[in-house]
Q: 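Below you'll find the structure I mean.
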Amino acid sequence: MTKIRIYKVAERLGIPAHEVIEMLRELGAEAKNHMSSVDEDLIELLQEELSYRKKQEEEVRKKKEKTLYFESVPTLREIAKLFNEEIEDVILRLADWNIVADLKKPLPPLVVERLAREKGWEVEWREGLRREAIEAQEEERFPRPPVVTILGHVDHGKTTLLDAIRHSKVADSEFGGITQRIGAYQVEVNGKKITFIDTPGHEAFTSMRARGAQVTDIAILVVAADDGVMPQTIEAIQHVKAADVPIIVVMNKIDKPAANQERVKQQLAEQGLIPEEWGGETIFVPVSALQRKGISELLEMILLQAEILELKARHRGYATGWVIESRLDRGKGPVATVIVQEGILRVSDYFVAGTSWGKVRSLFDDLNRPIREAYPSMPVEVVGFSDLPSPGTKLMVVGEEKIAYLISERRKEQEKENALKGIGKRTLSLEELLSPDATGLRELNLLLKADFQGSLEAIERAIAQLQNENVRINFLFKGVGNISEADVMLASASKGIIVGFNVKLPNEVAKVAHREGIEVRLYRVIYDLIDDMDKAIQGMLEPKKVEEILGRLEVRALFKISRAGVIAGCYVTQGKIERGALIRIWRGKEIIRENVKIASLKRFKEDVKEVMQGYECGVGLEGFDAFAEGDILEAYVIREER
Ligand code: GDP
């Protein structure tokens with residue numbers, strides 16, 4: 001084997017001899033000084049190593065060029081300056097993420113990182129700074145009261161229980177009568193407060209959640225002890241479980257002779273709610289809402305559960321809250337009940353809530369007393385909205401009037417754009433829902449409805465068997481009966497898909513599904529259902545039919561033609577219409593009809609194949625002529641797609 005001296009190697013590689021010696025030592029080869037000789041073969045290895053090291057260095061250098069190093073956590077003002085942006089633009093960007101930051105206070109580290117990443121920068125913190133910043137934020141958090149929602153089967157006593165609890169408050173306050181209801185109220189037990197949402201039932205609970213508002217900390221499940229577990233009891237449990245909220249069971253109507261507490265426990269244990277005395281974790285409280293017995297025990301149990309949850313909120317900084325109710329008041333204008341989430345909401349604060357904005361003109365508590373400020377978990381009536389915010393909207397206080405106005409304007413624009421792009425949320429398909437998460441695991445949230453208990457169980461078992469190590473199926477809900485609005489809202493709140501077997505999808509519910517962007521698959525044959533699920537899980541579903549919107553037309557005039565019925569005189573506002581397209585008729589925000597075929601498409605009495613944007617045309621539909629001026633016709637085709 002040819003030997004070569006190290007100084008020669010150094011010359012060939014273009015590096016100093018001592019570096020060659022160092023590398024050779026790292027390789028375990030013998031190398032004393034520049035006169036030592038080594039195998040010539042080693043040169044190639046050294047060359048490879050050198051070029052690898054160079055590449056590494058290059059990467060480190062590049063990364064450094066694109067890395068921001070922080071000694072202290074920047075404020076919003078500082079970040080804006082750093083990126084050479086208007087402060088307002090940064091504020092608007094944060095508002096898109098539902099974050100409001102104080103201009104002068106350090107931003108949460110993750111927010112800084114996200115903002116930086118959008119600009120193509122990585123962030124590096126001084127050793128330990130990130131942790132310190134997070135801990136400093138945590139230190140500022142104070143305990144807050146729990147927010148409680150009451151759910152259960154109809155007539156099991158939810159309203160009576162809410163009244164009984166409210167009475168416990170009103171009775172020992174100086175306010176004799178029950179005052180107006182604002183959608184939530186607070187009671188105080190042993191110096192601690194509890195907030196109750198005054199709209200019972202899982203429909204309200206889930207539709208709030210579908211809008212992004214997770215208001216409830218603890219759910220009270222009311223079961224009449226004489227009646228036992230009923231279909232809506234089970235529905236309520238499934239809705240609450242999907243939200244991952246702890247449940248306390250109230251066994252109500254224990255004053256009734258037919259009351260049987262043991263049976264309630266037995267039935268609920270079958271649903272996975274196992275009483276503490278049987279080794280489970282669920283608290284069961286016997287109550288007579290009518291006779292107001294057991295109420296204080298219940299309240300204590302709620303406080304106990306709340307303690308375990310360690311609910312906290314910050315007091316400093318801009319307040320946020322959830323709108324739970326809104327109404328138009330003759331004297332006060334648009335008012336809303338807000339449950340404060342974080343911070344302290346004060347009179348004179350500027351705020352945004354969805355596309356609405358305003359200044360807090362006055363605040364009223366649940367006894368209709370004017371107050372100056374509202375703390376976390378407290379329900380307050382807020383006066384001062386520009387327009388009516390819908391329930392489930394997040395209210396965020398901002399620093400200045402101008403910012404509130406700008407955010408609201410920006411959201412209105414976005415809403416308009418979305419409406420033009422495709423009304424409502426985009427439907428997430430089964431395949432999209434099945435796309436893997438970061439760990440490669442694919443999870444599918446499924447809501448299953450069937451005609452009978454027997455078929456339901458059979459399908460559930462068959463679907464469960466389709467799971468494998470990469471795909472997990474969560475049943476959000478399984479039940480007997482037609483698909484309901486509550487089902488759609490649950491699927492929307494938990495990003496799921498609805499599968500129905502031999503059940504119907506009523507028209508109104510289909511509209512809600514369309515609006516919420518929820519895919520509903522209906523089957524008549526079990527085999528087809530299982531087969532589709534299997535294929536989706538294997539990622540090889542048959543070509544899917546997808547809707548492609550061609551264009552939109554506005555109905556501007558109506559022409560009555562004796563033979564053909566009413567023809568709509570239309571203007572194509574967007575895209576185009578084709579003779580073979582299907583039509584969906586919108587009146588305001590409502591879909592009047594869908595999947596209607598075109599009977600005639602004319603321009604100046606002449607039949608045409610298509611009409612482009614900016615032109616007028618006459619449209620006659622098959623089996624529909626109840627047009628109204630201002631209707632929007634949406635022209636679309638159904639295409640097959642893999
Ligand atoms: P909700 O539909 O769950 O809100 O039920 P309600 O609160 O309207 O109660 C339904 C019926 O049950 C009413 O007639 C109540 O008076 C009655 N009720 C509620 N709680 C009790 C109770 O503890 N004992 C008895 N005997 N009746 C009750």
Q: In terms of heavy-atom contacts, does NZ of Lys105 have more than 12 from other residues, nucleotides or ligands at under 6.0 Å?
A: yes

Q: Using side chain to side chain contact (heavy atoms under 4.5 Å, CB included) as the criterion, point out the one residue from Val245, Asp244, Val147 that pairs with Gln214.
A: Val245

Q: Working note: Lys449 + Phe477, criterion side-chain contact (heavy atoms from CB on, under 4.5 Å); need CA distance, chi angles, decisive distance, verdict.
A: CA-CA 8 Å; Lys449 297 293 289 262; Phe477 183 88; 3.8 Å; yes

Q: Which atom names give the shortest non-hydrogen contact between Ala450 and Ser455, and what distance separates them?
A: CB-OG, 3.9 Å

Q: For the atom pair CG (Leu303) and CD (Glu307), what is the distance rounded to the nearest 0.5 Å?
A: 8.0 Å

Q: Does the side chain of Thr337 pick up a donor-acceptor pair with the side chain of Glu381 at under 3.5 Å?
A: no

Q: Got Ile283 and Glu276 here, is their nearest side-chain heavy-atom distance under 4.5 Å?
A: yes

Q: For the CD atom on Glu281, are there more than 12 heavy atoms of other groups (residues, nucleotides or ligands in this structure) within a distance under 6.0 Å?
A: no

Q: Should Phe196 and Tyr185 be marked as a ring pair (Phe, Tyr, Trp, His ring centres under 6.0 Å) after you check the CA-CA gap, both sets of side-chain angles, and the distance that decides it?
A: CA-CA 5 Å; Phe196 286 90; Tyr185 63 82; 5.7 Å; yes

Q: Will you find, in the side chains of Arg361 and Ser348, an N or O donor that is under 3.5 Å from an N or O acceptor?
A: no

Q: Any salt bridge between Arg521 and Glu519, counting N to O under 4.0 Å?
A: yes

Q: Should we count CD of Glu594 as having more than 12 external heavy atoms under 6.0 Å?
A: yes

Q: Between Asp227 and His156, is any side-chain donor less than 3.5 angstrom from a side-chain acceptor?
A: yes

Q: Can you confirm whether more than 12 heavy atoms, excluding those of Lys511, are under 6.0 Å from its NZ atom?
A: yes

Q: Tell me yes or no: between the side chains of Ser484 and Asp487, is some donor less than 3.5 Å from an acceptor?
A: yes

Q: I'd like to know whether Leu161 forms a side-chain contact (heavy atoms from CB on, under 4.5 Å) with Asn252, so could you lay out the CA-CA distance, the side-chain angles of the two residues, the decisive distance to 0.1 Å, and finally the verdict.
A: CA-CA 9 Å; Leu161 181 62; Asn252 191 29; 5.6 Å; no

Q: Does the side chain of Lys192 come within less than 4.5 Å of Pro145's, by heavy atoms?
A: no

Q: Apply the test ring pair (Phe, Tyr, Trp, His ring centres under 6.0 Å) to residues Phe351 and Phe385: give CA-CA distance (whole Å), side-chain angles for both, the deciding distance (0.1 Å), then the verdict.
A: CA-CA 9 Å; Phe351 64 83; Phe385 286 83; 4.7 Å; yes

Q: Should the pair Lys253-Asp255 be classified as a salt bridge under the 4.0 Å nitrogen-to-oxygen rule?
A: no

Q: Taking side chain to side chain contact (heavy atoms under 4.5 Å, CB included) as the criterion, tell me which of Val340, Leu345, Val352 meets it with Leu395.
A: Leu345

Q: Check whether any side-chain N or O of Thr355 sits under 3.5 Å from a backbone N or O of Ser408 as a donor-acceptor pair, and report yes or no.
A: no

Q: Any idea which heavy atoms bring Ile165 and Val187 closest together, and the distance?
A: O-CG1, 3.7 Å

Q: Arg209 versus Val215: any side-chain heavy-atom pair under 4.5 Å?
A: no

Q: Kindly say whether Ala491 contributes a backbone atom to a donor-acceptor pair with the side chain of Ser494 at under 3.5 angstrom?
A: no

Q: Do Tyr350 and Met396 make a side-chain contact, defined as non-hydrogen atoms from C-beta onward lying under 4.5 Å apart?
A: no

Q: In Å, rounded to the nearest 0.5 Å, how long is the span from CD1 of Ile220 to CE of Met301?
A: 11.0 Å

Q: Do His239 and Phe205 have ring centroids that are under 6.0 Å from one another?
A: no

Q: Any chance you could measure Leu466, atom CG, to Leu444, atom CG, to the nearest 0.5 Å?
A: 10.5 Å

Q: Whether the side chain of Arg411 engages the backbone of Gly354 through a donor-acceptor N/O pair (distance < 3.5 Å, no angle test) should be reported.
A: yes

Q: Does atom NZ of Lys504 have more than 12 heavy-atom neighbours, drawn from other residues, nucleotides or ligands, at distances under 6.0 Å?
A: no

Q: For residues Pro146 and Ile302, determine if any side-chain heavy atom of one lies less than 4.5 Å from a side-chain heavy atom of the other.
A: yes

Q: Between Asn474 (side chain) and Leu476 (backbone), is there a donor-acceptor pair under 3.5 Å?
A: no

Q: Of all the heavy-atom pairs spanning Ile339 and Ala184, show the shortest one and how long it is.
A: CD1-CB, 4.2 Å

Q: Where does the angle between the aromatic ring planes of Tyr375 and His315 fall among parallel (under 30°), tilted (30 to 60°) and perpendicular (over 60°)?
A: perpendicular

Q: Going through the checks in order, is the side-chain contact (heavy atoms from CB on, under 4.5 Å) test met by Ile295 and Leu299?
A: CA-CA 6 Å; Ile295 304 295; Leu299 297 179; 4.3 Å; yes

Q: Counting distance only, does the side-chain N/O of Asp365 pair as donor-acceptor with the main-chain N or O of Arg369 below 3.5 Å?
A: yes

Q: Carefully, step by step, assess Val512 and Met489 under the rule side-chain contact (heavy atoms from CB on, under 4.5 Å).
A: CA-CA 8 Å; Val512 180; Met489 294 319 281; 4.0 Å; yes

Q: Just so I know, are the side chains of Val382 and Val335 near enough to count as touching, which here means a heavy-atom distance under 4.5 Å?
A: no

Q: Without swapping roles, check the side chain of Thr195 against the backbone of Ser377 for a donor-acceptor pair under 3.5 Å.
A: yes

Q: Do the side chains of Glu262 and Lys265 get close enough for a salt bridge, i.e. N-O under 4.0 angstrom?
A: yes

Q: Are Glu457 and Lys478 close enough for a salt bridge, meaning some N to O gap below 4.0 Å?
A: no

Q: For Pro389, is there any backbone N or O sitting under 3.5 Å from a side-chain donor or acceptor partner on Thr393?
A: no

Q: Nearest heavy-atom pair of Leu363 and Ala374: which atoms, and what distance?
A: CD1-N, 4.3 Å

Q: Val229 and Val223: which non-hydrogen atoms are nearest, and at how many Å?
A: N-CG1, 4.0 Å

Q: Which residue in the set Ile194, Leu309, Leu311 passes side chain to side chain contact (heavy atoms under 4.5 Å, CB included) when paired with Ile218?
A: Leu309

Q: Counting N and O atoms only, with roles assigned by atom type, does the side chain of Arg314 sit under 3.5 Å from a partner on the main chain of Arg316, one being a donor and the other an acceptor?
A: yes

Q: Would you call Ile237 and Leu268 a side-chain contact if the rule is heavy atoms closer than 4.5 Å?
A: yes

Q: Taking Arg166 first and then Asp366, would you say they form a salt bridge - that is, a charged N and a carboxylate O separated by under 4.0 Å?
A: no

Q: Do you know which two heavy atoms are closest between Pro506 and Ile483, and how far apart they sit?
A: CD-O, 3.3 Å

Q: Is there a side-chain contact between Asp349 and Arg346, using heavy atoms and a 4.5 Å cut-off?
A: yes

Q: Does a side-chain N-to-carboxylate-O contact under 4.0 Å join Arg144 and Glu342?
A: no

Q: Under 3.5 Å, side chain of Gln232 to main-chain N/O of Val154, donor-acceptor pair present?
A: yes

Q: Say whether, by atom type as modelled, one donor and one acceptor occur between the side chain of Asn445 and the main chain of Phe475 under 3.5 angstrom.
A: no

Q: Nearest 0.5 Å, what's the NZ-CG distance between Lys293 and Leu290?
A: 10.0 Å

Q: Looking at CD1 of Ile497 and CD1 of Ile518, how far apart are the two atoms once the value is rounded to the nearest 0.5 Å?
A: 9.0 Å

